[in-house]
K.L.:
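Just passing along the structure, written as structure tokens.
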Amino acid sequence: MSPGVGFVLFLIITLGLLGAVVLTGFRGRLVSHLSFVGAAVVSLGVTIYWAEQLGELYDLEASGWIYPFHLWCAKITVVAYLLPVATGLLTLRNIEKKPIHRFAAFAVLGLTVLTAVTGTWMLSASEPVEQVASER
């Protein structure tokens, strides 16, 4: 599988799983919710792997300031995924913590969208490595 296909495929799978996480969370389906959380985290890891492979095919520094900004967003987002996990564990012990968990979960989803948008922008502003090498 090519890096482009792998990345797009697993990004779509990850987004679908995150949608299932939200749906099962709102419906209070705890076992399904936790299962989808686990699957989404694994799928996110595979998506990141393919993103790294795809990045090797582009001169990402050619995108200018968006490259370090995207990396910053991506790192913050990955670490931020710990927030809904931690608040989810708190919610299991005390249901009154659910609004905090919901806020953390939606904040991380927002960061995920920001990271996807900046990554798309970065790739569109970059040049394929083969093109860069042939211009030299």
K.L.:
Under the 3.5 angstrom rule, does the side chain of Thr47 hit a backbone N or O of Phe10 as a donor-acceptor pair?
P.N.:
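It does hold such a pair.
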K.L.:
Ring centres under 6.0 Å, that's the criterion: do Trp65 and Trp121 meet it?
P.N.:
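That pair passes the under 6.0 Å test.
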K.L.:
Using the rule that two of Ile, Leu, Val, Met, Phe, Trp, Tyr join whenever any of their side-chain heavy atoms come within less than 4.5 Å, decide whether Tyr49 and Tyr58 are in one cluster.
P.N.:
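Cluster IDs for Tyr49 and Tyr58 match.
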K.L.:
Rounded at 0.5 Å granularity, tell me how far CG in Asp59 sits from CD in Glu127.
P.N.:
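CD of Glu127 is found 6.5 Å from CG of Asp59.
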K.L.:
So which heavy atom on Thr118 is nearest to which on Ile66, and how close?
P.N.:
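Between these two residues, the closest heavy atoms are O-CG1, 3.9 Å.
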K.L.:
How long is the span from the CG atom in Leu57 to the CG atom in Leu123, to the nearest 0.5 Å?
P.N.:
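CG of Leu123 is found 9.5 Å from CG of Leu57.
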K.L.:
Spell out, yes or no, whether Leu23 and Val21 are grouped together once hydrophobic residues are joined by side-chain heavy atoms under 4.5 Å, including indirect joins.
P.N.:
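Shared cluster, no.
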K.L.:
Main chain of Gly119, side chain of His70: is a donor-acceptor contact present, judged purely on distance under 3.5 Å?
P.N.:
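Checking the backbone N and O of Gly119 against the side chain of His70, a donor-acceptor pair under 3.5 Å is found.
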K.L.:
Working to the nearest 0.5 angstrom, can you tell me the gap between Thr91 OG1 and Arg102 CZ?
P.N.:
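Here the rounded value is 9.5 Å.
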K.L.:
Any donor-acceptor pair under 3.5 Å linking the side chain of Ser43 with the backbone of Ala39?
P.N.:
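Such a contact is absent between Ser43 side chain and Ala39 backbone.
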K.L.:
So, do Leu30 and Thr24 sit near enough that their side-chain heavy atoms are less than 4.5 Å apart?
P.N.:
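Side-chain contact under 4.5 Å: no.
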K.L.:
So, taking the atom named NE2 in His101 and the one named CD1 in Ile95, what distance separates them when rounded to the nearest 0.5 Å?
P.N.:
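Reported value, rounded in 0.5 Å steps: 9.5 Å.
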K.L.:
Leu111 and Ala80: which non-hydrogen atoms are nearest, and at how many Å?
P.N.:
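In this case the closest contact between Leu111 and Ala80 is CD1-CB, 3.7 Å.
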K.L.:
Do Phe36 and Val22 have side-chain heavy atoms sitting under 4.5 Å apart?
P.N.:
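SC-SC contact between Phe36 and Val22 ruled out.
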K.L.:
How about Thr112 and Tyr81: does a side-chain donor come under 3.5 Å of a side-chain acceptor?
P.N.:
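Side-chain D/A pair, Thr112 to Tyr81: present.
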K.L.:
Within the structure provided, determine whether Leu18 and Leu109 are in side-chain contact (heavy-atom separation under 4.5 Å).
P.N.:
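A side-chain contact exists here, since the closest heavy-atom pair is under 4.5 Å.
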K.L.:
For the hydrophobic clusters of this structure (ILVMFWY residues joined by side-chain heavy atoms under 4.5 Å, transitively), does one cluster hold both Val42 and Leu44?
P.N.:
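As far as the 4.5 Å side-chain criterion goes, Leu44 and Val42 are not connected within one cluster.
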K.L.:
What's the verdict on side chain to side chain contact (heavy atoms under 4.5 Å, CB included) for Trp50 and Val5, showing C-alpha distance, side-chain angles and the deciding distance?
P.N.:
CA-CA 9 Å; Trp50 284 114; Val5 170; over 6 Å; no
K.L.:
For residues Leu17 and Val8: do they belong to one hydrophobic cluster (side chain heavy atoms under 4.5 Å, members Ile, Leu, Val, Met, Phe, Trp, Tyr)?
P.N.:
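The answer is yes; both residues are in one hydrophobic cluster.
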K.L.:
Do Leu92 and Leu82 share a hydrophobic cluster, counting only Ile, Leu, Val, Met, Phe, Trp and Tyr and linking them when any side-chain heavy atoms are less than 4.5 Å apart?
P.N.:
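No; Leu82 is not reachable from Leu92 via cluster members.
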K.L.:
So if I apply the side chain to side chain contact (heavy atoms under 4.5 Å, CB included) rule between Leu9 and each of Ile12, Leu11, Ile13, which one comes out positive?
P.N.:
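Answer after filtering Ile12, Leu11, Ile13: Ile13.
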K.L.:
Counting only N and O atoms by type, is there a donor-acceptor contact under 3.5 Å from the side chain of Ser63 to the main-chain atoms of Ser126?
P.N.:
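No; zero donor-acceptor contacts below 3.5 Å.
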K.L.:
Got a second to check how far Trp72's CH2 is from Thr115's OG1, nearest 0.5 Å?
P.N.:
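Rounded to the nearest 0.5 Å, the CH2-OG1 separation comes to 9.0 Å.
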